[in-house]
Amino acid sequence: MEPVSVGARLASSIVAPLIKKLFVVDGPGAGLVDRPVRISGLVSFRGEKRILSDPELRKIAEELVDRAAQSTGVSERLPAFEQRAVVNAVIHSLSALGYIDMDDVQAVRLGHLELSRHLRSSNQAATIGLSRDAVLLHASVVDTACLHILHFFTTRSTFVPRTLVEQSRRIEDLSAKIDALIMRTPSPADGSFEERYARYISEKHGRLTIFGLDLSEVSASWPLDAAYLSLEATGAEDGGIPSVLPAEHVLAGRDRVLLRGVAGSGKTTLVQWLATRAVRGNLDERLIHLHGLVPFVLPMRSLTRAGSRLPMPDEFLSTVGCPIAHAQPTGWYDRVLNAGRGLMLVDGIDEIPEQEREEARSWLRDLISSYPDNHWLVTSRPSAVREHWLASDHFSELDLTPMSRDDVAAFITRWHKAAGSADAYGKELLYAVRAKQELARLATNPLMCALICALHRDRRGYLPDGRKELYDAALSMLLSRRDRERGIYKTGDLRIGEGHQVQLIQKLAYWLIRNGRSEMDAQDAVDLLSQAVRAMPRVAEQGAVPQIYRHLLVRSGLLIEPVEGTMQFIHRTFQDYLGARAAVENLDFDFLGDNAHLDQWEDVIRMAVAHARPAERTRLLTGLIERGDASKDTRRRLHLLAAACLDDAAELDPAVRAEVQRRAERFIPPHSVDQARALADVGPVVLELLQGPGDLTSDQAYFTVIAAARIGTDAAIPVLARFRTAADPRVRAELALAWSRFDTERYAEEVIAHLREDDLYFVVSSSQELWTLRRFGGRSFLRITSALSPEEIRRSCTARSLRGLSVAADLRCTWEWLALFPHLTELTLDMPLPEIDVSSLRHVPSLRTLRLPAAATVVGAEVLSPTVEVIRTS
């Protein structure tokens, strides 16, 4: 129980009247004064103005403590003698107001938390020997009392109004926010269970399994705080202009979000991060929108296990295997969701069969209709749900962007530091990723980065080429070399060779794929292995099938047990890879073709092409072409999938390759964001087919740029450079936004340097980009998306040219330094903060337009020049 959480349960309507009794009320005729007033002269319980008796002071303290104890449920576990001791401690702290060497202005400047600490430190002996709950209760009550004491000071007619307008507004806003947050606090009957549930969420989701780290002596899991890498999400603002924000802030100012991301892009990690942050009591101001929310982590693969119906709210905890589900108080879920306190994290719409997704959407709609005031995040691979899939339910749609070069470098550095080999291999791999285009193209998401790190170290600096080769090497590392080289085996242990392990595990993978699942019951897995082991006498003689299954689960590194009695792959990508291998070995090419139009099979088809021999590739790709030709409904998907497979076809009949490319050309240029995404998934081969800009409409040009930019290799730069003179602001904005995905210098020279400004905001995500812009004479409009220092911005920007600045990162600064830019007239503060102080902008005389997010509380706007127009943006 954190102090802030207790304080938040004491509403202004309760505290304010009690606090008012502690002070002398201004008499008739009192006027404004030009000097502060000592606090000791204002109190009503000592001196000549005493009107409050000691028993009355005790009653005030008892009321405060009793209300706080009841509203948090702590009264049930706090003995009566301790609660009386807390009352005595609160009396001592409040009494210190009569002796404090401070005036009202100094107290307001100090802030309510510092004032509280000052009062409590006056008699620390009062809490010696008390339990932790009692000490926290005392601190919380005094914290809240001090907030209202300062609020009382600032509303007195004799308070110095001209000197502390900003502080007065802050206190008033904070008081209002605390009252609003009371709506997110549990009832006394639920408090104890929610504390248990918070501990469960922290333990369950507070660690992240990082591929490859289990090869060293360190733990296979990483504390989430250390492992989490802040990625970016993008979406379209009004008019189609793209916006970018940190992924962890997607719910700041939004109640419902559909977040798309490719396999391994970090969707599930983000869900874990949001869940664990929500149950913490020490959130910073940038995440205050999560305060008091109760996370429900709902992985779709678990909710639909074995074809189960989707659960109702009272079944959420039991369905995901929460061990304390039985202990939830009767009606708890209903009270939480009715109060709008639910943080609904629905992960992996793509991991259920396509034919079940409409049912899933109806399930979501029913829940939202019944409990409309909660916060919702739904994740999916891009191809699984069409554009605007949940738009009618007022969901914002955002995309997780590929990792930038800086993100990749940060991940590699962290991975090697955690593995204890930063100096030995980390620097070498950083150089290799930047020098080799093929490697850079693969390292675009956390999963592939971790895979590359693990293989690079395991092979002492040697990395195979291509995606299939990387997975082959990873399987060898996991299934054979790890145990052998670490000396895991002991006498009597099962010893199943790498080839046999692959054969067994790929049968599990293929069963999951054929049944459209990501999890299976352990008993089903044992039954499936029993059939396979009959044809493997050397494996059968090792032990009983349940032992073999347990060996694969514990030692392979590919399988995990999310809930007792169930099995799934460590990542869906490995399931697709091994399932494709099984399909090719079984010669199930017609079966593959029959399912190729389903998005869950896309990676399986691509992997199958990689596994197949040349004649088998021809059969697979020809089948995709013919099926696409025969079906108008699935033609685009099948023909573009065939084109995407070319990247994995090491050897292929040139005539077949030409036919595949010819079919793909029919879908170029793209006519929507969905089509642009589909083309990007084809990979670099599509760059040769992209047209324009001369013969394209403005929409086609925009979608073509999206497709090329999402491919993300430097081979896309010449294609994007063709659009650098476009007049369409959407095209120019997309080109500016894509800079971080490419080599900084080359992209700047070939694209950025040639973009017409015309009110275009150039997106800057690193110091290097900022300095590169200076080399080209600076730009009039900048959008800062990373936490650069004001000094970096000041030194890198050309003072005479900067006219507009947009800040989308918390620079943790005041703004008077902007006065150094005499032509700066427009400023947008799009920072993910609940409160933005703009008072220092009064020192920027050139400013004429200030844009601020509608969801943020603005402090200090009243001191700005009347010539500044303040606009609130949604």
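For the single chain, residues carry numbers from 1 onward in sequence order. What you are looking at is a predicted structure, and each value in this text was computed from that prediction instead of being measured.
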**OP:** Show your working on salt bridge (charged side-chain N to carboxylate O under 4.0 Å, His left out) between Glu356 and Arg517 and close with a plain yes or no.
**Re:** CA-CA 11 Å; Glu356 295 179 14; Arg517 301 295 169 194; 2.9 Å; yes
**OP:** I would like to know whether Arg280 and Ser202 meet side-chain hydrogen bond (donor to acceptor under 3.5 Å, both in side chains); could you show each step before the answer?
**Re:** CA-CA 8 Å; Arg280 292 186 176 183; Ser202 293; 5.8 Å; no
**OP:** Go through the steps for Arg386 and Asp674 under the test salt bridge (charged side-chain N to carboxylate O under 4.0 Å, His left out), then give the verdict.
**Re:** CA-CA 7 Å; Arg386 65 180 183 275; Asp674 275 348; over 6 Å; no
Original post:
How close do Pro311 and Phe316 get, heavy atom to heavy atom, and via which atoms?
Top reply: O-CE2, 3.7 Å
Subject >> Side-chain (Arg335) to main-chain (Thr330) donor-acceptor, under 3.5 angstrom >> reply: yes
Original post:
Taking Glu397 for the side chain and His388 for the main chain, is one N or O donor matched with an acceptor at less than 3.5 Å?
Top reply: yes
Original post:
Side-chain contact, heavy-atom cut-off 4.5 Å: Leu303 with Val320?
Top reply: yes
Subject >> Residue Glu358 excluded, over 12 heavy atoms near CD under 6.0 Å >> reply: yes
Original post:
With a 4.5 Å heavy-atom cut-off, do Val279 and Pro295 have their side chains touching?
Top reply: yes
Original post:
Would you say Asp576 and Arg606 make side-chain contact, with heavy atoms under 4.5 Å?
Top reply: no
Original post:
So, for Pro446 and Gly266, which heavy atoms are closest and what is the spacing to 0.1 Å?
Top reply: CD-N, 4.4 Å
**OP:** Start with the C-alpha distance between Asp366 and Ser369, add both sets of side-chain angles, then the distance that settles side-chain hydrogen bond (donor to acceptor under 3.5 Å, both in side chains), and finish with yes or no.
**Re:** CA-CA 5 Å; Asp366 287 345; Ser369 177; over 6 Å; no
Original post:
Taking the six-membered ring for Trp, are Trp332 and Phe296 parallel (under 30°), tilted (30 to 60°) or perpendicular (over 60°)?
Top reply: tilted
Subject >> Leu398 side chain reached by Leu258 side chain, heavy atoms, under 4.5 Å >> reply: no
Original post:
Looking only at heavy atoms, what is the nearest atom pair of Gln272 and His205, with distance?
Top reply: NE2-O, 3.1 Å
Subject >> side-chain contact (heavy atoms from CB on, under 4.5 Å) between Leu270 and Leu259, worked out >> reply: CA-CA 10 Å; Leu270 175 63; Leu259 184 67; 3.4 Å; yes
**OP:** Using the test side chain to side chain donor-acceptor pair (under 3.5 Å), find all partners of Arg357 that sit at least two apart in sequence or belong to another chain.
**Re:** Asp599
Original post:
What distance do Gln575 atom CD and Trp511 atom CH2 have between them, rounded to the nearest 0.5 Å?
Top reply: 10.0 Å
**OP:** Just say parallel, tilted or perpendicular for the rings of Phe574 and Tyr471, cut-offs at 30° and 60°.
**Re:** perpendicular
Original post:
Is the Lys NZ or Arg CZ of Arg199 less than 6.0 Å from the centre of Tyr197's six-membered ring, within 45° of the axis?
Top reply: no
Subject >> Asp603 side-chain N/O to Gln600 backbone N/O, donor-acceptor pair under 3.5 Å >> reply: no
Original post:
So which heavy atom on Ala676 is nearest to which on Ala707, and how close?
Top reply: O-CB, 3.6 Å
Original post:
Taking atom CD1 of Ile352 and atom CG of Asp350, what is their separation to the nearest 0.5 Å?
Top reply: 9.0 Å
Subject >> Residue pair Ile452 / Leu429, side-chain heavy-atom distance below 4.5 Å >> reply: yes
**OP:** Show the numbers, then the answer: is there a side-chain hydrogen bond (donor to acceptor under 3.5 Å, both in side chains) between Thr268 and Asp347?
**Re:** CA-CA 7 Å; Thr268 299; Asp347 188 28; 2.7 Å; yes
